Amino acid sequence: MSESEPSGAEGGESASKGPREREPDARFTFANERTFLAWNRTALALIVAGLAIVQLLPPFPGVPWGRHLLAVPLIIFGAVLSVGGFVEWGRNQRALRRGEPLPRSPLPRLLAFAIAAVAMAAAVLVLLSEAVD
């Protein structure tokens, strides 16, 4: 190979590997891992909250399905958030290794909308059960 021909590793991309990757600063890797663990703690909290609602909350008067209306979305969203956190961790780690900007995360927006929706459902359930009394 002559000096004028770029090799796969020096040219930025190789046919088999894609963009050139290097080990990022350990601090960034650890920060990415802490963020992943925070998303998983949030996911576990949502799942446990959903289970607690079904198991510990008394039924809403006149709305026997009310506890499930609140609990099931929390449990499902907890599972989605856990998987989403893992996917985001991988995307961020890949961007760090390639020296690219970190991709925007949809998780904070999804979490905010999910919590707002459950809060609105809870308010409607409280109002419906008060109307039955």
Side-chain angles (χ1 to χ4, degrees):
M1 182 182 285
S2 73
E3 289 183 30
S4 63
E5 294 177 19
S7 68
E10 294 170 3
E13 291 191 26
S14 67
S16 62
K17 220 178 169 183
R20 188 169 158 206
E21 295 185 1
R22 63 186 180 283
E23 190 64 30
D25 186 332
R27 293 173 294 178
F28 299 125
T29 298
F30 292 145
N32 189 30
E33 185 175 301
R34 283 190 305 273
T35 303
F36 166 69
L37 294 172
W39 283 120
N40 273 312
R41 283 191 302 273
T42 304
L44 283 170
L46 291 170
I47 293 166
V48 169
L51 291 171
I53 286 170
V54 170
Q55 296 297 316
L56 304 174
L57 195 67
F60 291 96
V63 190
W65 41 265
R67 292 183 298 175
H68 289 85
L69 180 71
L70 295 177
V72 171
L74 287 174
I75 294 168
I76 290 171
F77 189 67
V80 168
L81 191 61
S82 180
V83 172
F86 178 75
V87 169
E88 182 172 300
W89 170 81
R91 287 184 346 173
N92 289 344
Q93 196 63 27
R94 204 167 16 265
L96 287 171
R97 288 180 182 280
R98 293 177 180 172
E100 298 171 349
L102 296 180
R104 287 194 179 265
S105 173
L107 295 181
R109 181 177 297 128
L110 290 173
L111 182 61
F113 284 126
I115 290 173
V118 171
M120 291 171 56
V124 168
L125 282 172
V126 167
L127 292 172
L128 286 175
S129 65
E130 298 265 329
V132 172
D133 282 342

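All values below were derived from every heavy atom in this structure, side-chain atoms included, with hydrogens, water molecules and symmetry-related copies excluded. Remember, it's a predicted structure, so these values are computed and weren't measured experimentally.
T29 approaches L96 most closely through the heavy-atom pair N-CD1, 4.5 Å. The minimum heavy-atom distance linking P103 with N92 is given by the pair CD-OD1, 3.5 Å. S129 and V126 make their closest contact through OG-O, 3.0 Å (heavy atoms, listed as atom of the first residue, atom of the second, distance).
If you chain together ILVMFWY residues whose side-chain heavy atoms come under 4.5 Å of each other, I75 ends up grouped with I47, L51. V48 shares a hydrophobic cluster with no other residue; no ILVMFWY side chain has heavy atoms under 4.5 Å from its own.
In this view, R27 and D25 satisfy the salt bridge (charged side-chain N to carboxylate O under 4.0 Å, His left out) rule, not counting sequence neighbours. Every ring pair (Phe, Tyr, Trp, His ring centres under 6.0 Å) that F86 has, sequence neighbours left out, goes to W89. Judged as a side chain to side chain contact (heavy atoms under 4.5 Å, CB included), and not counting sequence neighbours, the contacts of E100 are A95, R98.
A distance of 15.5 Å separates CD in E33 from CZ in F28, rounded to the nearest 0.5 Å. Taking CG from L125 and CE from M120, the interatomic distance works out to 12.5 Å, rounded to the nearest 0.5 Å.
Hydrophobic cluster membership differs between L44 and L37, with clusters built from Ile, Leu, Val, Met, Phe, Trp and Tyr side chains linked at under 4.5 angstrom. Cluster annotation: I115 is connected to L107 through the hydrophobic network of ILVMFWY side chains, with a link wherever side-chain heavy atoms come within less than 4.5 Å. There is a path of hydrophobic side-chain contacts, each under 4.5 Å, that joins V63 to V124. Note: the hydrophobic cluster containing L69 also contains V118 (ILVMFWY, side chain heavy atoms under 4.5 Å, direct or indirect links).
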TODO: Apply the test side chain to side chain contact (heavy atoms under 4.5 Å, CB included) to residues L110 and L81: give CA-CA distance (whole Å), side-chain angles for both, the deciding distance (0.1 Å), then the verdict.
DONE: CA-CA 9 Å; L110 290 173; L81 191 61; over 6 Å; no
- [ ] Show your working on side chain to side chain contact (heavy atoms under 4.5 Å, CB included) between R97 and E23 and close with a plain yes or no.
- [x] CA-CA 6 Å; R97 288 180 182 280; E23 190 64 30; 2.8 Å; yes
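Contact annotation: the side chain of T35 approaches that of W39 to within less than 4.5 Å [non-hydrogen atoms, C-beta and beyond]. Put simply, the side chain of R67 does not reach to within 4.5 Å of the side chain of Q55, judged on heavy atoms.
S82 places no side-chain N or O within 3.5 Å of a backbone atom of G78 that could act as its donor or acceptor partner. The main-chain N or O of R104 is found under 3.5 Å from a side-chain atom of R91 such that the two form a donor-acceptor pair.
Pairs of residues two or more places apart, or lying in two chains, never qualify as ring-ring contact (aromatic ring centres under 6.0 Å, His included) while including a residue from residues 50-84.
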